[in-house]
Amino acid sequence: MKTGYFGTFGGAYIPEILHETFRRLTESYELARKDPDFWREYLEVMENYSGRPTPLTFAENLSRHYGRRIYIKREDLNQTGAHKANNVMGQGLLVRRMGKKRVIAETGAGQHGVATATMAARMGFECVIYMGAKDVERQRPNVFWMQQLGATVVPVTSGSCTLKDAINEAMRDWVGSMDDTHYVLGTACGAHPFPEMVSWFQSIIGTEARGQILKQTGCLPHRVYACVGGGSNAMGIFQGFMDDPQVELVGVEAGGDGLATGRHAARLASDDGRVGVAHGYRTLFLQDEDGQMRDTHSVAAGLDYVGVSPILAHLQAIGRVRFIAAADHAVVAALKTLMRFEGLIGALESTHAVAGAFAEMEDIPEGAVVIINLSGRGDKDIFTIADALEDPGWREFIVEKARMYRES
Amino acid sequence: MMNVPSPSLLEKHIRTGSDPIKIMSHLVLGYPSLEENRLVMDRMVAAGVHIIELQIPFSEPIADGPIIARANQESLKRGFCVEDGLNFIAESVVRYPIPIIIMTYVNILMAQGMESFIQRAAGMGVRGLIVPDLPLEEAGDAMGWCQGYGRGGLDWIRLFTPTTPDARLALLGREASGLVYCVARRGVTGQHTAFDPALMGFLNRCRRATRVPLALGFGVRSREDVQSLVGKVEIAVVGTAAIEIHLAQGADAVGQFFAGL
């Protein structure tokens with residue numbers, strides 16, 4: 001029997017050796033889902049460890065500027081500075097229930113790796129993070145933190161040395177280590193039950209946001225924007241409004257150098273995505289005629305991925321979620337605006353949602369309520385953002401710092 | 001009366017001859033090149049290899065270990081395309097008197113259209129398909145097309161693993177055809193396998209679960225490994241070890257290696 005489908009997307013395309021592991025994981029997940037104590041414990045952990053509920057901030061200056069009432073959901077205020085905490089703490093509690101002692105994870109930009117490393121430190125698990133060798137080079141600060149937190153970071157030198165190759169390498173670990181190890185997948189992708197399970201943990205965002213917007217404005221939002229890499233933060237906030245057909249849900253993908261250039265990571269917003277199966281699930285992938293995965297591009301490493309959540313692919317197919325893309329340059333401009341107008345430093349990934357919303361403001365009725373999910377904060381990405389902003393003072397500082405290291 | 005399906009061409013080939021055990025070898029197409037693949041296959045067949053498994057490279061080879069994964073990647077980097085690979089496979093079927101099996105990942109089939117890929121493979125005379133990321137639950141259509149287009153000539157090859165419970169082994173084994181590929185241990189291709197009582201226990205479980213011949217792969221590297229499998233399985237699969245020898249010593253050495261098995 002086929003399981004884990006959302007329309008024609010999803011499924012569990014796993015090697016036979018993992019069949020039993022997935023069967024047990026699905027069983028544990030379904031038991032947890034039926035058990036009110038599990039969710040109660042989860043909420044308690046998120047409240048006391050991660051600072052939830054996160055605020056819904058009225059963006060006063062942007063609202064005045066655009067003539068629409070703009071609210072920002074502050075996932076940047078989570079432990080480790082992104083929505084990733086919601087997923088890893090949930091999976092961590094599940095790992096405890098399953099009695100496993102070791103966790104592994106893939107990471108692209110390093111956010112999910114850092115989040116997993118904090119969870120492992122807190123819960124007492126051994127932790128190994130697979131990270132593409134190129135990403136290790138680009139995201140040294142996150143590598144530093146993962147190591148300080150006690151995790152082993154393994155640079156992956158196969159394939160394109162990026163996120164998709166880190167996923168493959170984590171799978172290779174798991175097919176050998178499943179007896180005592182859980183693979184903490186970082187987004188709402190992969191084989192069943194991961195897309196559904198990760199979305200469940202992230203639904204905490206949407207549940208809070210719905211309550212908060214009703215309390216603050218007395219009405220539902222006109223639109224909700226979220227950036228889409230794998231799709232977990234988008235799934236998180238969208239679920240709060242799924243049953244409100246009057247609320248338009250908009251996913252913003254990485255437009256990179258522009259959709260026409262082919263150098264992007266827009267699986268749903270461009271015409272380049274084709275149905276395929278990889279990494280354990282069926283969705284739209286950026287692939288060539290032969291079915292080989294293509295290289296993707298984005299200023300935001302966390303959105304730079306060939307596939308996308310099968311649940312989002314389905315929601316696009318049935319017309320419930322609309323997808324657009326924001327190009328690198330628009331994202332950098334939106335980041336500056338967000339900082340200057342509201343004092344908020346968004347992660348480059350999250351700022352795609354902001355850029356997408358800004359681009360469409362004129363289509364939104366004046367005075368209407370808009371929610372933007374700010375999935376993570378950017379100050380921790382100072383190296384990447386300083387490069388994206390081409391800041392000369394920062395460059396000077398690094399050159400000077402390097403000179404000091406050389407001479408010491 | 002029980003309805004016992006007549007054995008496929010692949011199964012008949014395996015059951016023919018007096019060898020105590022048969023050898024299945026493996027190549028990654030286009031690595032280092034199709035010309036070099038041809039040389040190596042000539043040597044393998046001359047050395048008495050009984051079945052050859054040809055892997056069509058994929059950019060995301062999750063079930064393969066570092067050596068074969070790198071071979072996939074290198075082949076693609078050198079410009080391998082599936083059309084050239086399929087033409088090479090068609091020529092190989094004509095050129096060699098032994099069965100040729102295709103191993104690849106499901107997305108390669110999907111990109112060509114799964115049905116037309118299988119129809120084409122059947123038409124060429126390919127004897128088996130191994131697709132490790134298309135589990136039984138998802139393989140219904142593919143198995144149907146293998147039967148429909150192959151008519152006993154093209155087998156959908158199922159996998160047994162040490163983590164597969166008996167009930168599932170029985171489910172997988174009941175309608176298996178051609179051979180069942182037994183994965184010797186947890187982990188990916190190319191790592192060390194212990195030829196110990198636990199492995200033999202697993203092979204006994206496999207034997208009880210199916211009537212078709214068993215092939216054991218993952219970590220078979222030497223004459224000793226092969227000898228220890230005599231009487232336990234019909235086929236020993238040698239993959240990574242041959243790639244390593246080819247890399248280090250060239251095509252002739254691969255021939256000698258297989259002759260020595």
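The closest side-chain heavy-atom distance from B:Asn72 to A:Ser158 is not below 4.5 Å. Looking only at side-chain heavy atoms (C-beta outward), B:Leu172 and A:Glu16 come within less than 4.5 Å of each other. The shortest distance between side-chain heavy atoms of A:Ser177 and B:Arg186 does not fall below 4.5 Å. Annotation: side chain of A:Arg172 is in contact with side chain of B:Pro61 (closest heavy-atom distance under 4.5 Å). Between B:Asn107 and A:Gln287, the closest side-chain pair of non-hydrogen atoms falls below 4.5 Å.
The closest donor-acceptor contact from the side chain of B:Glu137 to the backbone of A:Gly11 lies at 3.5 Å or more, if one exists at all. Put simply, the side chain of A:Glu20 never gets that close to the backbone of B:Thr163: no donor and acceptor are under 3.5 Å apart. For B:Glu60 (side chain) and A:Ala278 (main-chain N/O), no donor-acceptor pair under 3.5 Å exists by modelled atom type. Formation of a donor-acceptor pair under 3.5 Å by the B:Asp133 side chain with backbone atoms of A:Pro15 is not found in this model.
For chain A, the nearby parts of B:Phe58 are the backbone and the side chain; heavy atoms of each come within less than 4.5 Å. Proximity to chain B is limited to the side chain of A:Tyr5, based on heavy atoms less than 4.5 angstrom apart. Proximity to chain B is absent for every atom of A:Ala191, based on heavy atoms less than 4.5 angstrom apart. Residue contact with chain B, scored on non-hydrogen atoms closer than 4.5 Å, is absent for A:Asp288. With a 4.5 Å cut-off on non-hydrogen atoms, B:Ile62 touches chain A through its backbone and its side chain both. Interface remark: A:Arg23 contributes no atoms to any contact with chain B (heavy atom separation under 4.5 Å). For a residue to count as touching a neighbouring chain, one of its non-hydrogen atoms must lie under 4.5 Å from one of that chain's; by this rule B:Asp64 touches chain A with the backbone only. Within the 4.5 angstrom heavy-atom criterion, only backbone atoms of B:Pro132 (N, CA, C, O) approach chain A. When heavy atoms are compared at a cutoff of 4.5 Å, B:Val82 approaches chain A by way of both its backbone and its side chain.
Ranked by heavy-atom pairs under 4.5 Å with chain B, the list A:Asp173, A:Thr157, A:Asp179 is led by A:Asp179. Among B:Arg168, B:Glu83, B:Gln191, B:Arg70, the residue making the largest number of heavy-atom pairs under 4.5 Å with chain A is B:Arg168.
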Before giving the answer on side chain to side chain contact (heavy atoms under 4.5 Å, CB included), spell out for A:Val277 and B:Met110 the whole-Å C-alpha distance, their side-chain angles and the decisive distance to 0.1 Å. CA-CA 8 Å; A:Val277 168; B:Met110 286 179 71; 3.4 Å; yes
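Between A:Asp290 and B:Ile108, the shortest heavy-atom distance links the atoms O-CD1, 3.5 Å.
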